[in-house]
Amino acid sequence: EAGKHIVTANKALLAVHGTEIFAAASRKGVMVAFEAAVAGVQGQLTNQAPHFVETTGGSTSGAKIIPYTQAGLDSYWHAIRAWLADLTRRRNLHQGRIYFALSPVGRSGSEWIGVLPVGSPKRFAYFGSAAPHLAEISIAPAELSALADFDAWCFATCLHLLCARELTLIWVWSPTYLTELARAMMRLKPALLDAIASGRPAPYEAALSGVPLPPPDPGRAGRAVAG
């Protein structure tokens with residue numbers, strides 16, 4: 001009822017009152033976790049202690065909590081390392097800027113399930129030794145992913161994309177994500193052009209007060225209007 005996620009090892013309670021508990025959690029949009037792994041018990045699901053968890057919509061039995069260990073992250077990096085090296089060589093990623101959409105929008109970094117944070121505390125955690133460089137050439141500041149205001153996030157993301165020079169790669173987890181950003185650019189065109197020219201996100205100045213934004217570029221805004 002307080003709108004908080006629930007973590008319990010009391011499966012007897014869930015066996016008797018599980019229907020009511022899960023129904024109440026669903027109404028409040030929170031999760032009920034009863035695996036020992038998220039309660040910090042070692043040796044559950046994996047021999048390594050998880051660094052963080054991710055939530056995913058299950059196809060058969062509802063949402064699931066996925067623990068991520070260092071071994072799991074290392075395996076993922078091993079799987080994509082050759083792909084990223086080839087992409088870097090063919091697209092000269094080291095000479096340009098990139099946009100990677102890796103985390104759900106509106107994740108403040110303050111959400112925890114049990115003793116584990118939801119989502120990695122580190123940027124580009126899935127990219128192993130390449131993470132620091134990818135973070136350095138990313139056009140999106142870390143503060144963007146923590147914005148709870150979706151409209152402000154959308155505006156700032158569009159602004160960074162439109163102002164990025166030498167943008168060599170856009171990587172998104174869903175084509176719909178990219179098409180929605182393109183639609184937002186058209187919908188917000190007048191305000192975005194004003195923000196490019198002035199450096200001030202007039203409609204969302206309060207929401208974006210702590211988010212780094214591109215410097216003013218009146219020339220680019222003028223060329224966009226002329227085009």
Side-chain angles (χ1 to χ4, degrees), residues 5-7 9 30-148 153 157 160 167-178 211-212:
H5 293 298
I6 300 169
V7 180
V30 299
M31 186 173 297
V32 179
F34 52 90
E35 290 290 352
V38 298
V41 178
Q42 300 297 311
Q44 302 294 317
L45 301 181
T46 173
N47 289 328
Q48 283 193 341
H51 293 322
F52 61 94
V53 297
E54 286 284 6
T55 57
T56 179
S59 57
T60 57
S61 58
K64 296 177 176 63
I65 303 169
I66 311 299
Y68 280 81
T69 64
Q70 189 58 52
L73 292 171
D74 289 345
S75 295
Y76 186 87
W77 171 230
H78 179 75
I80 66 171
R81 184 167 48 189
W83 163 78
L84 185 62
D86 180 64
L87 187 64
T88 299
R89 177 183 58 81
R90 289 189 295 109
R91 299 298 183 185
N92 294 320
L93 297 191
H94 58 286
Q95 296 181 359
R97 307 295 301 280
I98 62 170
Y99 175 70
F100 270 66
L102 298 174
S103 299
V105 177
R107 177 171 284 174
S108 65
S110 61
E111 185 178 3
W112 291 65
I113 296 180
V115 298
L116 297 173
V118 177
S120 172
K122 298 180 180 179
R123 297 186 75 193
F124 295 93
Y126 304 97
F127 291 85
S129 58
H133 179 60
L134 293 177
E136 183 181 345
I137 65 174
S138 171
I139 66 164
E143 292 85 351
L144 262 184
S145 61
L147 281 175
W153 168 86
T157 300
H160 275 284
L167 183 62
T168 56
L169 176 69
I170 295 177
W171 188 96
V172 295
W173 47 267
S174 167
T176 304
Y177 182 104
L178 189 57
V211 178

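Put simply, CD1 on I80 and CG on D86 are 13.0 Å apart, with the number rounded to the nearest 0.5 Å. Expressed to the nearest 0.5 Å, how far CD1 of I98 lies from OG1 of T168 amounts to 7.0 Å. Distance check: Y99 OH to I170 CD1 gives 8.5 Å after rounding to the nearest 0.5 Å.
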Task: Verdict with reasoning, H94 to N92, per side-chain contact (heavy atoms from CB on, under 4.5 Å) - done: CA-CA 5 Å; H94 58 286; N92 294 320; 4.0 Å; yes
- [ ] Start with the C-alpha distance between I66 and V53, add both sets of side-chain angles, then the distance that settles side-chain contact (heavy atoms from CB on, under 4.5 Å), and finish with yes or no.
- [x] CA-CA 5 Å; I66 311 299; V53 297; over 6 Å; no
Open item on the list: With side-chain contact (heavy atoms from CB on, under 4.5 Å) as the criterion, how do S145 and W153 come out once you've worked through the C-alpha distance, each side chain's angles and the decisive distance to 0.1 Å?
Closed with: CA-CA 8 Å; S145 61; W153 168 86; 6.0 Å; no
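The two atoms that bring Q70 and Q48 nearest to each other are N-OE1, 3.4 Å, heavy atoms only. The nearest pair of heavy atoms linking A101 to W173 is O-CD1, 3.3 Å. Looking at every heavy atom in both residues, A131 comes nearest to F124 through CB-O, 3.2 Å. Residues G128 and P132 come closest through the heavy atom pair O-CD, 4.2 Å.
Counting heavy atoms from C-beta outward, L73 and H51 have side chains that approach closer than 4.5 Å. For the pair E111/P117, no side-chain contact is recorded, criterion being any heavy-atom separation below 4.5 Å from C-beta on. Within the 4.5 Å cutoff, no side-chain heavy atoms of P67 are placed close to those of F52. The shortest distance between side-chain heavy atoms of F127 and L134 falls below 4.5 Å. Put simply, the side chain of H160 reaches to within 4.5 Å of the side chain of P141, judged on heavy atoms.
No donor-acceptor pair under 3.5 Å is formed between the side chain of T69 and the backbone N or O of A49. Panel note: side chain R97, backbone I137; a donor-acceptor pair is recorded below 3.5 Å. Under the 3.5 Å distance criterion, the side-chain polar atoms of T88 are matched with a main-chain donor or acceptor of L84.
Here Y76 and Y68 keep their ring centres 6.0 angstrom or further from each other.
Counting heavy atoms of neighbouring residues, nucleotides and ligands inside a 6.0 Å radius, atom CZ of R91 does not exceed 12 of them.
Ring geometry for W171 versus F100: interplanar angle under 30°, hence parallel rather than tilted (30 to 60°).
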